[in-house]
Student: 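Below you'll find the structure I mean.
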Amino acid sequence: GQSLEQPSEVTAVEGAIVQINCTYQTSGFYGLSWYQQHDGGAPTFLSYNGLDGLEETGRFSSFLSRSDSYGYLLLQELQMKDSASYFCAVQAGNTGKLIFGQGTTLQVKP
Amino acid sequence: SQTIHQWPATLVQPVGSPLSLECTVEGTSNPNLYWYRQAAGRGLQLLFYSVGIGQISSEVPQNLSASRPQDRQFILSSKKLLLSDSGFYLCAWSVPRGLDEQYFGPGTRLTVT
């Protein structure tokens, strides 16, 4: 089967750094993606890791270790607008279909 | 530029009634198309995906079906809704054989009463 584990909630203060971990079990692994979803809105793409290592996009970075079936999303210089749910998703085949984790709700406090 | 449309935005339907949700994509050709459902406070569950006209793969056996009558049109249907069909339905697209980004539509919030 396929499964992903990520923490359900994380709280941090404005300006801080937070790391959201994701572990997965899947067959036919192609890559790990991260999506952000604000309350009531649609998910938006943040990053993708197809190979081991760190990908950096502005304040957000994502890391993948295929041997450990593990990845994380790192958010730096947190802002209030970063309060949202964050989903890791495994690309489980070359059709592009994604298997999503249950999501981590990030609350940023002043 | 590419855009994705979904309608309606919200829908309240009685148990046992039919359902038809439509999704269209503009500005791209031969996209991969996906239907997801999200229960309140939960992750996204992939329901169907399609890599071409008339090609539908079902991920979860249930009383829903999908069709792709045109290249950029994806329809989610049900003959008889169940209470458990309530949720947030999201359509998404990606480039053919896309291995990274999926682009989501605004979603339809369905309440079955």
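Naming convention: chains lettered A, B, ... in sequence-line order (proteins, then strands); numbering from 1 in each chain. What you are looking at is a predicted structure, and each value in this text was computed from that prediction instead of being measured.
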Student: Quick check on B:Leu83: does its CG atom have over 12 non-hydrogen neighbours (other residues, nucleotides or ligands) under 6.0 Å away?
Tutor: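 Correct, the count exceeds 12.
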
Student: For A:Gln25, is the CD atom crowded, meaning more than 12 foreign heavy atoms sit under 6.0 Å from it?
Tutor: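 For A:Gln25, atom CD is not crowded (no more than 12 foreign heavy atoms under 6.0 Å).
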
Student: What heavy-atom pair brings B:Phe104 and A:Ala42 nearest, and what distance separates the two atoms?
Tutor: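 Distance-wise, the nearest heavy atoms are CB-CB, 4.1 Å.
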
Student: Do other residues, nucleotides or ligands put more than 12 heavy atoms under 6.0 Å from A:Glu5 CD?
Tutor: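 Incorrect, the count does not exceed 12.
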
Student: Show the nearest heavy-atom pair for residues A:Tyr35 and B:Gln102, with the distance to one decimal.
Tutor: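 Looks like OH-N, 2.8 Å.
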
Student: Do other residues, nucleotides or ligands put more than 12 heavy atoms under 6.0 Å from the CZ atom of A:Arg59?
Tutor: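 Yes, because the 6.0 Å sphere around CZ of A:Arg59 holds more than 12 heavy atoms from other groups.
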
Student: Please determine whether the number of non-hydrogen atoms from other residues, nucleotides or ligands lying under 6.0 Å from atom CG of A:Asp68 exceeds 12.
Tutor: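 Counting other residues, nucleotides and ligands, CG of A:Asp68 exceeds 12 neighbours.
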
Student: Roughly how far, to the nearest 0.5 Å, is CD of B:Gln38 from CZ of A:Phe87?
Tutor: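 A:Phe87 atom CZ to B:Gln38 atom CD measures 5.0 Å (nearest 0.5 Å).
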
Student: Side chain, backbone, both or neither: which part of B:Leu90 has a heavy atom under 4.5 Å from chain A?
Tutor: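 The answer is the side chain of B:Leu90.
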
Student: Return the minimal non-hydrogen interatomic distance between A:Leu98 and B:Tyr36, and the atom names on each side.
Tutor: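 Heavy-atom minimum between the residues: CB-OH, 3.6 Å.
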
Student: If you count heavy-atom pairs under 4.5 Å between each of A:Ala89, A:Gly41, A:Gly103, A:Pro43 and chain B, which one has the most?
Tutor: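 If we count pairs closer than 4.5 Å to chain B, A:Pro43 comes out on top.
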
Student: Do B:Glu101 and A:Tyr48 have side chains that approach each other closer than 4.5 Å (heavy atoms only, starting at C-beta)?
Tutor: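 No - every pair of side-chain heavy atoms lies 4.5 Å or more apart.
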
Student: Quick check on A:Glu77: does its CD atom have over 12 non-hydrogen neighbours (other residues, nucleotides or ligands) under 6.0 Å away?
Tutor: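 Result for CD/A:Glu77: open.
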
